[in-house]
Structures are given as C-alpha cells and as structure tokens.
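First the structure, in the form of structure tokens, and then the observations on it.
Note that the coordinates shown come from a computational prediction; the quantities given were computed from them, not determined experimentally. A note on names: the letters A, B, ... follow the listed sequences, proteins ahead of strands, and every chain is numbered from 1. The analysis underlying the following values was restricted to heavy atoms, covering all of them including side chains, and did not include hydrogens, waters or symmetry mates.
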Amino acid sequence: MSSLQLDIHCQGENDFTLDLKCQLPAAGITAIYGPSGSGKSTLLDCIAGLRKPSHSSTIRLNHTRWHAPGRCVPPWRRGIGYVFQDARLFPHLDTLGNLEYPLARSKPGSITLDQVVNWLELQDLLAYKVNTLSAGQKQRVAIGRALLGSPELLLLDEPLANLDHVAASECLRCLQQLSANTRIPMLYVSHNIEEVCQLADHLLLLESGRVTEQGSLLDLCSRLDTRLSREEQAAAIITGTISGQDESFGLTELDIGGHILRVSQLRLPAGQSRRIRIPARDVSVCREKPRNSSILNIFPVTIEELEDTTAPRLLLRLSLGRQYLLARITRRSAFELGLQKNDHVYAQIKSAALLTGPTDTV
Amino acid sequence: MSSLQLDIHCQGENDFTLDLKCQLPAAGITAIYGPSGSGKSTLLDCIAGLRKPSHSSTIRLNHTRWHAPGRCVPPWRRGIGYVFQDARLFPHLDTLGNLEYPLARSKPGSITLDQVVNWLELQDLLAYKVNTLSAGQKQRVAIGRALLGSPELLLLDEPLANLDHVAASECLRCLQQLSANTRIPMLYVSHNIEEVCQLADHLLLLESGRVTEQGSLLDLCSRLDTRLSREEQAAAIITGTISGQDESFGLTELDIGGHILRVSQLRLPAGQSRRIRIPARDVSVCREKPRNSSILNIFPVTIEELEDTTAPRLLLRLSLGRQYLLARITRRSAFELGLQKNDHVYAQIKSAALLTGPTDTV
Amino acid sequence: MPLNSAELDAIYLTVALASVTTALLVLLGTPLAWWLSRRQGNLSAAIEALVAMPLILPPTVLGFYLLLLFAPDTAVGRAWERLTGSQLAFSFSALVIGSVIYSLPFVVQPLQSAFQRIPQGLLQAAATLGASPLDRFRSVVLPLTRRTFLTAASLGFAHTVGEFGVVLMIGGNIPGETQVLSIALYDFVETLRFDEAHRLAGGLVLFSLALLFFLYRSSGTSSWRVRT
Amino acid sequence: MPLNSAELDAIYLTVALASVTTALLVLLGTPLAWWLSRRQGNLSAAIEALVAMPLILPPTVLGFYLLLLFAPDTAVGRAWERLTGSQLAFSFSALVIGSVIYSLPFVVQPLQSAFQRIPQGLLQAAATLGASPLDRFRSVVLPLTRRTFLTAASLGFAHTVGEFGVVLMIGGNIPGETQVLSIALYDFVETLRFDEAHRLAGGLVLFSLALLFFLYRSSGTSSWRVRT
Amino acid sequence: DDTVRVAVATNFKPTLLHLSEQFQSDTGIAVTLSSASTGVLAAQIIHGAPFDVFFAADSTTPEQLYAADNDGLAPFCYAVGRLALVGASDLSALADPGLSLAIANPATAPYGAAAIEVLDRAEFSPGNTRKLVRGNNAIQAYQFWYSGAVDLALVPKSLATDSGAIDVPRAWHASLTQFALIRQQGPAVDAYLKWMRSDTVRDQITQAGYESCP
Ligand SMILES: Nc1ncnc2c1ncn2[C@@H]1O[C@H](COP(=O)(O)OP(=O)(O)OP(=O)(O)O)[C@@H](O)[C@H]1O
Ligand SMILES: Nc1ncnc2c1ncn2[C@@H]1O[C@H](COP(=O)(O)OP(=O)(O)OP(=O)(O)O)[C@@H](O)[C@H]1O
Ligand code: MOO
Ligand SMILES: [Mg+2]
Ligand SMILES: [Mg+2]
C-alpha cells in the first residue's frame, strides 16, 4: 500500500524538538491535530523540505526517498502542494498570476484552472491585486494555487481558518471531492475537530512535538481513552448502506446493521456505503423508547463502557450491532437512570444534527 | 448611554464600497459577523483610522469625534487596541518587547503585564523571537499587546482563528472577564457563530459592505427571520436566575420563569441572573413528556411560530413563559407529530449541550 | 613609519570631513528618502532625478560649478558671508556642502528603497498602539532598516574619504585647511613620491578594510530576519 | 550648437562604456549580492569590506594602482595579452574593468540589503510550487526588487558617466578610444574654456535629468506595495 | 599674517616644496603649497581662492589673470622648462612605431603642446602610427611610463632627473616659459619673493631641471 513514512527528528529553537516516527497512509486525507505550538506546522515544513530535520531522519513517499541519510530532495522536486497558515501570495502578481504560477512549473495535471476557479469561486477576483483581497479571499487563492501544482501530496495548514462558515463548507466539499477524484493524498492540519472529523480518514495527534495517537478516524473516534473523546466535540463515526430515499421530506435512509438511520438527503444510489459522523453531544439515552418525539432516529443499544469520572458529565460507548456510538450525558442522568455496563437502553440521535448538510457526512 | 456612532462611506478598490450608518453600544461586546469579503476588516480599519472613509463620514465614540467633516483624529490618538487578522508582531522585538511596546505609549491603564502574561499563558514565550513562534502563539501575543495599550475601544479581527479549542476557550473566557471587569467596549469580528453567540451582547451583520441586521443578541437570536437563524448554528439566548447548586453532580440550577434548568456548575450566588445560549439543534420536541431519559431539561412550551419551508428541516419558535427557545427539527417529524402553531408540547434540551463549560454561558 | 604633521593634519581633516558629511547625509537623507518613499508622481520623480544628478558630472566639473556657486561674489557666497562672517569657498564648510551634495544619492536611494519595503501593516499596528509618526519611525522603521542605514552611511563615509575631485576644486588643497587625505595621497602620486603614496594608500586601505569588516560582521550577527 | 566629431566620439564612447559597465555590474553584482545576503560570518564580512574598498581610494590613485596592475609586464597584463592578443592598459577593456571595480559597491550593497528583506516565506511558497532556485530568483526575487535594481543600475550608470579619475589613468585619454565625455568636459574646465564647458555640462545634465526622471516616474507608478 | 599661501602647478611642486622648506627654516615664515594643474588653479583664483602667489606652468594663464583684474604685480618668469625623453637611450626611438609613447595633454598642458611639436618633426614621422597616450598633465604622462604601461614618455626634464632621461633639443619646440603671479602683497610675501629671486634659489631651480629665465 502507498504510504508516507516519517522518521523525523528536528531540533528547533526555543527548546522545541519534533521527534516522531510513524507511517501514514499516502491516500485519502490524514488530519494532524494538536494544540498550538505542538509542531504541526514544523512537521509539514519538514515534509515539504522547507526545514531540515537531523541528518539521520527519513521521509519517504511510497518508494521515493525525500530525505534519508546522505540524500535530500529539494522542495521544488518533491511534487508537493502546500497551503500555508499565512497565505503567502506573491504580491507582484494578481490573483490570476498567482494561480498560474505553478502551471508552468509542474508536470501537467488533471486539475485545470477553470475547475479551480469554479470550485473556489474565484471568478471575480482574477484581476485583483492580491494585497486588496480580504483574508478569506487570500486563503481561497492560496488553496487554488497549491492545487494547480498537481501535487503528489497536498499539505494544508489550517486552510479554512479565515473562511466564513459557508465558504468553509464549500471548500471542505471541494477538498473531499478532490481527494476522491484525484487520489491526491492530503495532510490536513486543523484546530477544528469538527472539520477534522468530517474530512479525515486518518488521524495523527501531536503534543509537544511527539505523536500521542495515530490511526484511522473510525478507531480513534469511538475509543474513550483518546484525546479526541475528551474533546468537547467528541463524535463516533459509523458506516451505513444507502437503503432508500424519502423524497417528500428530503431525507435519505441508511441501513446500520438492520436499523434505519435518517439523514439529510444524499444523492447516492442505493447499496452504496457511507460514513456518518455522530457527535456524542447529540446522543441521549432513555430506558423506555420515547414516543411522539421529534427525534427520528432512536435505536436500541447496549452500554459497552461507562466513563468513570467525577466530572459533571461522562461519555458512554454504546454498541449498535457491530458499530459504536458515543453519548455524552450528565453524571446526574447516569445516576438517576442507574446506567450500568451491558444495560440495554435506547439511544436517541437528535435528527437535526445529522441534517446539517454536506459537511456532516463523509 | 455611551455609544459608538458610525456613518461611514468608504470607497475601496475592486468595486467594493462600505456603506453603513448605525449606532452601536460602546459597552460590552459587539460582534461583527458576515461572509468573507463583506467588509468586516475594512470597517475596523475605518474605525481605527487606518483607512480614510469619505470626507462626510462620521465616527464618534461617546462625545469624542474621531472622524467628522473637517476633522480626523489620527489612529495613535484614538486610544484603541486592534488585534489584526494577521498578528503583525514587530520582528525586531522579542515577545516581551512586543508586549511592552504600548506600555510607554498610552496612559497607564488597569491591565498589567503580569496579568496579561498570566491570562494568555505567555510566560514561556517572553524571551522568544517572534519569528520563531507558532501561529497560535503569535496570535496570543498580539492579543496581549493590544490589551496592554489600555484602549478605550478594543477591535478584534478574528483573534481566535489560529488557536486550538482549549486555547480559544481560554482566550474567550479572558475577553469576557475583561469586558466585565474593565468595561472596555469591544468590536469582535468572527466567522464562528458559536464564538459570536457565546461572547457578544450586540450583533452587527454585514453583507457586501452593508448592514443587514443589527441589534441585541437576544433579540436577533430568537427571531426566525434573521440571517442568524438560517445559520447552521442558530441558537436562542434565555435569561435565568441562579436558584441552587447541585454539588454532588457538579450542576447549577437556574430558574426560568418557574422552570428549573440544569447547567454545568456556575460558582455564582443564588439570585444572580445569567444568560444561557441554547442551540436550536440541541432542542427537540415531543407531544408526551419523556420519562426515564438521560435528558435532564424538559419543559412544557407553546409553539409560537413554525418556519414555513420545503427544506428538509425547519425551525420552531417555542415560548417558555416570556422567553423563547428555538428548535431545529426535520420537516418529517413536524409532519408526523402534526405540529401546529399554539400547540402545547415538551421541549427537551440535550443536557450535555449546556454543560460544555464556561464558553457556553454568557 | 611615523606620520609627519601634514599627514596628521590631513588625517584629522579627513575624519572630520567624512564624519560631519556622513552625519549630515543621514540627517538630510533620511527625511528626504522617507518622503520620497511615501510619494509617487512627477514631483518626487523630479526630486529623485535631481538627487542623482551630481553623479553624472565628473567630480572636478561638479566642483567647478559649486565653485561658481560659492564664489564670494555670488548670491550664495554673499549670503553665507553675511550669515557667518567668513568666506564660503575654500572653507571647511564648503567641503562639507560639496561632499554632501556629491554623496547624497548613495544615501538617499538605498534608504528610499528600504523604506518602501517596510510592511505597511507593522506601521499600522504601531499606530494603533499609540505611536506617533515620529515614534513609529524611531521604534519600527529604524530598527527594521538598521542594516540599510549602515550600508548607506558606510557608502557615504567611504565615498567622502575617497572623493577628491570636488574637494580639490572647492577646497583648493590648502594644507591644514582643506587638504584631506585623498588629496595628500593624490599629491604624493602627482609629485612622484611613490613610496610615500604606497605607504599612505596601504595604511588607508588596511584601516578601512578593518573598519568595514567589523562593521559588516557585527551587523550580520545581530541581524533580524523575518521568517515569513 | 553642433557637436564636433571629437565630442561625438566621446559621447559614443561614454554611452558604450557606461552601458557595458552597468551590464557587467548587474551581472556580477547580482549573484555576489545574493550570496552575501544569504550568508553571515567572517568570510562574507571580509568580502563585503573588499567590495567597498575601491571607494576609499581617490579615483586617480585607484587608477594608478590599477595601471600598475594592468601594465604589460605584470602577471595580469601578460595573461590578458596571451588571451586576447592585445594590450590591456589603455584599452576599452581596461576602462570597463576599472569602472566595474570602482562602481561595484553601489550596485552590490543596495541589492544585498534588498535581497535580505525578501520575505523568506514567499521563496518557500515558490519552492513548493515547483520553482527551482534560479526560477525563484527570476520569478519572485527579481520582480520584488525591481526598484532596487533600477536604483542600483542607475547609480552604477551615472557613476560611470561621471567617473573620470580612474578612466583617465587607465585609459590614457586617447581620442576615439578612451576619451570619454567626462574627460572632455574636464579638459574644457582645465583650459578655462568655460563656455564650451557650460554647454557640454548643461547638455549632459539635462539629458541625464530627463532620463532619470522618466526612469523614476515609470518605476513609481507600477510599483507594488505589500499592504501588510 | 606670516604665512605665505602658494598655488603651484604640479610640475614645479617637487622643486618648490624643497625650496620652501629651506625658506621656512631660514625665516620662520610658514609656506603652504597647494598644487593642482595650472587650469584648476586659475579657475580657483578667479573664484576667490586665497592664494598669495601663483606659480603657473605657462605664461599665458598668469597674464590673463593679471589682465582680468590688474592688481598686484605683473607676472614674471621664474623658470623655463625643458622637455626630456624617458624610456630610451636615443631620441630616434621616437621614430619607432612599435614603441608606445605618453605625453601630456596638448590641449591642457604646455609640455604636451611642446611634445607634439617634437613629434611633428619629419624624422619622427615613421612613428606616427604608434600608440600615443595622453596624460592629463605632464606628471601623468610620467606615471604612465613609470608604471610600465608605455615604453616612452616625453616629460618635463624636472621630473626625470634621475630616470636616465635624454634632453630634447631646446629649439625643437616653443619655449616653456613658466610665469608666476603675485596676488596679495605683504611683508611675508615680499620676503618670500625676494628669497625666490636670490641666486641660491636660481641655482637650485636650474639643478632641478629647469633653465633660468632670459
Ligand atoms: N522558525 C522557527 N524557529 C525556531 N522555533 C520555531 C520556529 N517556528 C516555530 N518554532 C517553535 O516550534 C514550536 C512548534 O511550532 P509550530 O509552528 O510547528 O506549531 P503549530 O503546531 O503549527 O502551532 P499553531 O497551531 O499555533 O500553528 C513552537 O514552540 C515554536 O515556538
Ligand atoms: N487594501 C485594499 N484595497 C482595496 N480593496 C480592498 C483592500 N482590502 C480589502 N479590499 C476589498 O474590500 C472588500 C472587503 O474586504 P475586507 O477585508 O473588509 O473583508 P472581510 O469582511 O474582512 O473578509 P474576511 O472575512 O475574508 O477577512 C473585499 O472585496 C476586498 O477585495
Ligand atoms: O604642471 Mo601642469 O600645469 O599640470 O603641466
Ligand atoms: Mg502552525
Ligand atoms: Mg477580514
């Protein structure tokens, strides 16, 4: 399988050292998540060749060694695209000039200028000087520019930080499509766990320059012991098969091990499988099946694990067939309902949560 | 009452014009919200005096005219603090040097260097060169620097865009405290509606350089016809009085017109009133009162208004005593439950949503 | 190799002339360069061209025209004499004025292009932090252009030390009054006293090399470099 | 006022010398300045000092030493003669070499400090977009430092036009071969033929003023300015 | 004021320097020598240079200056220059087109004009195609030769006394009479003049490679 092998030791200033050894899939989207100053940008810089790790480090994309003892491929030969945390547009070129910059400099790829302009809605900006763009506009141009280099690996450092909600979800959709269509692997740095969960297939958690956790999003999300589940925005990811369309109400039905989950409409043929992100905070449990509720999705589940904590709220891991849901409830509720491991309860998933448009489905 | 009066006409390049006339309260936090390129940064620049609006424009803070026909106070005499969208730290100074920069240049204020260093956790960064800081670290230093100028008005242009969740909520808490303690009015630009709702007292919605909506957050939030309610993250804001503490489960009870709402613990004396933000997506309705549910907060409400839409989901405006809740449910549920205006139903508020720590309470 | 008193006089005079000239160059050149860097259009282009003008004329010829200007019977010469009570031409002041005019472009042009490259946003940030224009210049522009100031000042200084056409013409090569080192050196070569010429030239070169070396080395190490 | 053939020769020669010199200055000065801008330490400080050196010596004296270096019986002179078959001293080539050495600091130093101020991040961005170092230089550094190149080249050009000490010494003032405008002008002044001197100087100044004016004006209008 | 300010044409400066030092130690009157080419000095004098005495390299320049404002004493001859050839053992070298030659610029220096007169002689016409380099003044012509850049130079004899120079016959060119002009009179200047005209000084001038005035 194609992979990105990293064994990086990079001594920075300010007592910071990036020290990591891991193998990431060079396919799909890998999110890099971690607090500010944990070394996310430093890692991307090393991969891009903009920062030199120690001599003995190795960076390998599939069979190409980008960095190895005695060998260092310079950045412009690595075939990467990099969207920087600051846009770094060329001030002497207009928007179009910036977009065209990589065209002559990389082997012709499958992404055309027109496509990028369309996806990112850059039509109106083409003739503008880049110093007259707003922050969000700059960021979109930077994304487009990186795409037009037809990279073999796309590095994105918080590309959506300056975008408004609509533009951000538009961009997210683009990146997803792109990842699916062009098979360009992406490393995606973000502080926004929702963004991460919506987008990523794989996750790398960094803290103080070290990997704390790494694995597929599905695995990491449903485990109670990862940093992710401790986050405000913990969520489980489950897979379902499209089983029907409810045209009149604009819903799609997914089969989850025999149960029907209704989500906002996905125009996909029946039988195709899909990943759904279900935030823990949207899931509540009841002992009795609620009736006459506006909540559409109510499933019988088994409590697999109860977080043992003295905090006001706790996480439950609920099994639904062979898959898992997470639920965040108050300790008081858990106590009042007398919840125990292996109890059979009903999980109700606030439907609207699954209906928030394309960004909620992967 | 103290106010910021704006009557700005500012012709930009690229066919963009900022054209607005409004009066904002010069107290508390006013959020400026709008899509990318709608003129938020331009507006702040005009207020700061960094961009010249047309001659006939007026900008007035309380009784001080900053801009008026025939008069223009230069930026350094306006007594403002400005956190830019890009940090703009001085590269020739270290972190401490940047923080100290405004100290000698403004009248001594109530905020001390030590406080700022503490709030923003800058201890370890003080001796670092600013070009070796990570993006989030830079942003924190920029916030600190602006605070240390003891401004009469603080302008914040997406100050949290580069911060991770923990740092961001830490900063938000600081800003709130600051606003409460120092009574420095703030204009806060953000793309993040959650952030906005948690922080702001007042809201200004911009689109293409024009004001589309303006008013107190409470008003704007509970109306179905504003841009806000069309957002993914629509929420209602309600006010309650602290009525009790549930020490064993770490909860606080608030009285909302006779009903008890349980939220994560607020260490406040009983009798004090508080604002709570309740996201529409966290509210579901049932005809029967659910029993044995993990949801703690269930209230009898009346449907005041049903959004008339063909979209898969719709908004409900529910009256709870004299206050309002919003609920976002699927159109299918509304149909199945046969919901009508003036129906009496039960609103269940996913408790966890109210328990997400300090950032959820204003 | 002891220096004779004429040489000592010349050294003293040279150092004085170059120092005063450099100080004036920086004092006058800085605001001029700043002004030029903030403006565009015909006026500033004309002034830029004017500043560069003295370069085009051979120094002796430039000196000749300055002499025409400074002579006691001209308006400038008379005004100077009324103000200071002494004659302008063939005085130290005349040398200073001539050197300043001659070297101005070497100071103004690098400073101007450095000023133009100062990120506008930093100045705006400083303004919102309460810094007046002068304060901003002192606390932001100066530190960010330190190296260019060094370059400009050292070019100006060196050029004044080496310059002799203008000085010869408007100074008159008067020992102890207007005979600077470069003219003394020129004199040695002209009067075929090559040994003394070699000695003086060698000393001058070594000293300057050492000075410039330390100047550039120190400016290098403490240089700031913006990462982005 | 018709120009006589000697003057025409001188004009032609001056323009040729200044053009060739400026071209060489930019060609040599650019990589040197780039190299210096990327390095710190003793070696680069020493080279910077060396580049600035020619400024310290009066041009005639510098010319004298260059003549000692270029004479047919020196290593340099012999090597040149073996390579080209003709004598170096008193040739156009010698003038060019002398002028390049003399004006090098005026080109290297502004370029160096401009290069140092190029945001590193832009070069990194260009690298990730597939631009090789040379390509980056051409497509990012050059456009961003256009104005400094203009400054440096115009300083170098003007300085070569005005320079005459070195040229006189290593050129030998041979009409049609090494007699440039500045020497012709100097001759007029020397022989007290002030009318002719005024005429030539006036023409030179007006022409240069006009040239520089248009140069600066055009560079001003299309200038890029980073907002931040 | 007991300082004499002297402007001197460069060709005479080495000689005058030597003489003035003697004067200074004999009388205690200081002498400052400012040297440049005759043309530069004249231009400076016209524009107010504070020189008491001007030793020019020709006769016309002092006369012109004197005619212009007619004050002080009339210019007088202080020495007559001689032309010499360096770099060869025989004047016939001037006929060799293979030998390069340096002279002073005939337009600006009297010694240059004299050199041209010599080169115009029929016997040297075979050498017309030689490389002819022109120093801005006589000194520079000598420097060209000194540096090894040219084979021959026609220069003032005063510069070449110890370089194995060959005298050029006096009759081959117009006389190189050098005049001095007094700009400002006073006791010090008078003493200096008196001393300059003394026999010892005249002898030393002759020894330095000049001839005495007619
Ligand atoms: N150019 C540099 N030189 C030295 N140290 C640096 C440099 N850039 C960053 N660092 C340090 O390395 C550490 C990691 O920085 P990095 O920029 O990789 O963090 P990050 O994870 O990207 O943070 P953020 O989310 O805030 O952008 C920080 O402590 C920072 O101070
Ligand atoms: N310096 C400038 N000169 C001319 N036009 C500008 C300048 N800066 C911004 N604009 C234009 O003004 C409009 C508003 O820009 P502004 O930066 O105010 O947007 P914004 O609301 O802050 O967007 P964002 O959320 O992306 O930062 C944009 O269309 C932009 O192109
Ligand atoms: O001494 Mo002269 O006047 O330079 O030949
Ligand atoms: Mg980063
Ligand atoms: Mg903005």
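- Between E336(A) and L296(B), the shortest heavy-atom distance links the atoms OE1-CD2, 4.1 Å.
- Proximity to chain A (any heavy atom under 4.5 Å) is shown, for Q139(B), by neither the backbone nor the side chain.
- The heavy-atom pair separating Q348(B) from S293(A) by the smallest distance is NE2-OG, 4.0 Å.
- Shown here for A161(B) and E158(A), the closest heavy-atom pair between the two residues is O-OE1, 3.8 Å.
- Looking only at side-chain heavy atoms (C-beta outward), P279(B) and R281(A) come within less than 4.5 Å of each other.
- Not one N or O on the side chain of N292(B) forms a donor-acceptor pair closer than 3.5 Å with the backbone of E288(A).
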Give the intermediate values and the outcome of side-chain contact (heavy atoms from CB on, under 4.5 Å) for residues T330(A) and R262(B).
CA-CA 10 Å; T330(A) 55; R262(B) 291 189 179 81; over 6 Å; no

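- Using a 4.5 Å cut-off on side-chain heavy atoms (C-beta onward), D282(A) and D282(B) make contact.
- With a threshold of 4.5 angstrom between heavy atoms, D246(B) approaches chain A through side-chain atoms but not through N, CA, C or O.
- Taking the side chain as every heavy atom from C-beta outward, Q85(A) and K138(B) never approach each other to under 4.5 Å.
- Between atom CG of residue D86(A) and atom CG of residue D86(B) there is a gap of 9.0 Å, rounded to the nearest 0.5 Å.
- With a 4.5 angstrom heavy-atom cutoff, Q137(B) touches chain A via backbone and side-chain atoms both.
- For chain B, no part of D124(A) is nearby; none of its heavy atoms comes within less than 4.5 Å.
- Taking F16(A), Y346(A), F335(A) one by one and counting their heavy-atom pairs under 4.5 Å with chain B, the maximum is reached by F335(A).
- Of the residues considered (A167(B), S284(B), G136(B), A135(B)), S284(B) shows the highest number of contacts with chain A, using heavy-atom pairs under 4.5 Å.
- Using a 4.5 Å cut-off between heavy atoms, S248(A) touches chain B through its backbone atoms (N, CA, C, O) alone.
- Put simply, of D157(A), L160(A), V283(A), the one with the most heavy-atom pairs under 4.5 Å next to chain B is V283(A).
- Looking only at side-chain heavy atoms (C-beta outward), R313(B) and S264(A) stay at 4.5 Å or farther from each other.
- R287(B) has its side chain out of reach of S294(A): every pair of non-hydrogen atoms, C-beta onward, lies at least 4.5 Å apart.
- Interface remark: V345(A) contributes no atoms to any contact with chain B (heavy atom separation under 4.5 Å).
- You'll find the side chain of H191(A) stays beyond 4.5 Å of the side chain of L163(B), heavy atoms only.
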